[in-house]
Amino acid sequence: MKNKFIFNINLNSDIPKYQQLVNAINDALANNTMLVGDMLPSVNSICKEYKLSRDTVFKSYTILKEQKVIDSVPNKGYYVANVTRKVLLVLDTFKAYKEVLYHSFINNLPENIITDVQFHHYNIENFKTILNNSKGKYYKYVVMGFDNDAIPSVLDSFRNEKLLLIDWNIHSKKDSNYVCQDFGDSFFNALKDARESFKKYKEIHFVYPKFTYHPIEAISHFERYCNDFQFKYKVVTNLKDFNIEKNVAYISVSDRFLGTFLEQCRSNDLEPGVDVGFLSYNETPMKKFIYKGISVISTNFKALGEKAAEFIYKDEPIQVFIPTNLILRESL
């Protein structure tokens, strides 16, 4: 009897044949070619039709069974047991605002989607290992990249319809899927909204530590803002001997610096929002409660997570920038 399902198995591919069969069955489920309850072709029939060994087919079916995609009935064979699909979410680090993104992402996914999370910690070897080892094992991939020349070649091995880039639009191509924040013009426009608050201070200092992974393009847009609106300014990269200055407003991309700022305010008897100003990057649930409230420039990480989830369940291309906005509180 002819198989109902036709799988694309490339005998000359570098992808192991067992993984090709796993991918083919997962693709058939994703495209609704196979449905819950459908019987899979027998091991013998797949071996014969695709010139595969019994060990290869058994290995494929065992992987799918472990993933609870298929099950078996003695003397009847294998059948589709579940349409549960696994998604890989690759983040840089697990900071407070990333937690907001993560929970928004998983809370907006259908119940049949399972998310695995891994962190590359800005290490390119970690990044390569995570992506290369996960190839073909997931329904879709949601990846937060960083500035490294080796990343595009890793991403090129994934099909566009399976890959979503999030947070920083550094490695996307014309047909890539992405949900990102804008570290350029959107940052500039948020600074414009803070113009009246900045007027209370004699200078604005942009704290951009040498160890930060924050996109460097933010510096040029900060300098453009200060030049356009005639603010005296300075970019601070060395925090080793930092000393707070009265009548200066600080913009910081590092949450580590927030603690230093508040400690020096206390020891120098300076009042945030009166004697000195502070504008932080990236909203977290606690910043509204720290001191009398920390002003922030931030994208909406909840919205970013929601849009990333749409890519998973809508099966449609997506290219979206989530706006960056100013939230004014007592610190500025």
Side-chain angles (χ1 to χ4, degrees), residues 1-91 105-106 109-120 125-143 154-164 309 311-313 315:
M1 180 177 175
K2 187 72 174 174
N3 287 335
K4 176 181 176 182
F5 309 108
I6 299 175
F7 303 128
N8 182 22
I9 306 296
N10 182 357
L11 300 179
N12 297 315
S13 173
D14 291 334
I15 300 174
K17 298 178 184 64
Y18 75 86
Q19 188 61 57
Q20 289 189 58
L21 183 54
V22 169
N23 296 350
I25 292 173
N26 280 327
D27 284 345
L29 289 169
N31 298 327
N32 294 320
T33 306
M34 298 178 69
L35 303 173
V36 173
D38 281 343
M39 297 300 297
L40 273 74
S42 70
V43 172
N44 287 337
S45 65
I46 288 196
C47 291
K48 181 178 179 181
E49 184 162 349
Y50 297 100
K51 297 181 174 59
L52 300 176
S53 70
R54 290 179 61 83
D55 286 345
T56 295
V57 181
F58 272 125
K59 186 171 184 177
S60 302
Y61 280 11
T62 299
I63 290 172
L64 291 166
K65 198 170 181 179
E66 289 173 350
Q67 294 176 350
K68 302 188 185 306
V69 173
I70 68 173
D71 207 341
S72 61
V73 177
N75 302 319
K76 288 191 176 181
Y78 296 87
Y79 66 95
V80 179
N82 205 322
V83 290
T84 297
R85 293 164 181 166
K86 294 183 70 177
V87 170
L88 179 63
L89 175 63
V90 181
L91 300 177
F105 178 71
I106 62 172
L109 291 174
E111 291 184 359
N112 68 323
I113 301 291
I114 298 172
T115 303
D116 286 345
V117 185
Q118 297 204 47
F119 302 92
H120 57 66
E125 294 307 317
N126 287 348
F127 187 89
K128 289 178 179 178
T129 299
I130 292 168
L131 271 297
N132 290 334
N133 288 349
S134 68
K135 202 175 300 180
K137 297 179 182 179
Y138 291 89
Y139 172 55
K140 288 187 178 179
Y141 302 80
V142 180
V143 178
V154 179
L155 298 179
D156 283 346
S157 61
F158 291 84
R159 288 150 49 188
N160 273 341
E161 66 269 21
K162 297 290 185 182
L163 177 65
L164 176 70
F311 172 77
I312 304 301
Y313 64 79
D315 282 331

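Any value given below was found using the heavy atoms of this structure, including those in side chains, with hydrogens, waters and symmetry copies removed. Everything numeric in this text was worked out from a predicted model, so none of it was measured. Start at 1 with the first residue, then count along the sequence.
- Counting only heavy atoms from C-beta outward, the side chains of V142 and I312 approach each other to under 4.5 Å.
- By the neighbour-count criterion of 12 heavy atoms within 6.0 Å, atom NZ of K48 is sparsely surrounded, having that number or fewer from other residues, nucleotides or ligands.
- A donor-acceptor pair under 3.5 Å links the side-chain atoms of Q20 to the main chain of N10, judged by distance alone.
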| message | side chain to side chain contact (heavy atoms under 4.5 Å, CB included), that's the test. Do K17 and V57 meet it? Break it down for me. | response | CA-CA 9 Å; K17 298 178 184 64; V57 181; over 6 Å; no
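- Rounding to the nearest 0.5 Å places CG of N160 at 10.0 Å from CG of L155.
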| task | Apply side chain to side chain contact (heavy atoms under 4.5 Å, CB included) to the pair F105 and V87, showing each step before the final yes or no. | result | CA-CA 11 Å; F105 178 71; V87 170; 4.1 Å; yes
Could you give the side-chain donor-acceptor pairs of residues 127-136 under 3.5 Å, partners two or more places apart or in another chain?
residue, atom, partner, partner atom, Å
T129, OG1, E125, O, 2.9
N132, ND2, K128, O, 3.1
N133, ND2, T129, O, 3.4
S134, OG, I130, O, 3.0
S134, OG, L131, O, 3.0
K135, NZ, S157, OG, 3.2

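- Looking at residues two or more places apart in sequence or on another chain, you find a side-chain contact (heavy atoms from CB on, under 4.5 Å) between D55 and S53.
- Counting heavy atoms from C-beta outward, V90 and Y141 have side chains that stay 4.5 Å or more apart.
- Nearest heavy atoms, K65 versus S72: NZ-OG, 2.7 Å.
- Y18 is linked by a ring-ring contact (aromatic ring centres under 6.0 Å, His included) to nothing, counting only residues two or more places apart in sequence or in another chain.
- With contacts defined as side-chain heavy-atom distances shorter than 4.5 Å, the pair L21/I9 qualifies.
- Looking at every heavy atom in both residues, P41 comes nearest to I46 through CB-CG1, 3.6 Å.
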| task | Tell me, with the steps shown, if K86 and Y139 meet side chain to side chain contact (heavy atoms under 4.5 Å, CB included). | result | CA-CA 6 Å; K86 294 183 70 177; Y139 172 55; 5.8 Å; no
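- Residues V36 and A81 share a closest heavy-atom pair of CG1-O, 4.0 Å.
- Taking the side chain as every heavy atom from C-beta outward, I113 and K140 never approach each other to under 4.5 Å.
- Summarising the geometry of I70 relative to Y61, their closest heavy-atom pair is CD1-O, 3.4 Å, with the distance given to 0.1 Å.
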| request: Could you please spell out the steps behind the side chain to side chain contact (heavy atoms under 4.5 Å, CB included) verdict for L109 and I114? | output: CA-CA 9 Å; L109 291 174; I114 298 172; over 6 Å; no
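- Atom OH of Y79 and atom CG of L40 lie 11.0 Å apart (nearest 0.5 Å).
- The NZ atom of K162 lies 8.5 Å from the CG atom of N23; values are rounded to the nearest 0.5 Å.
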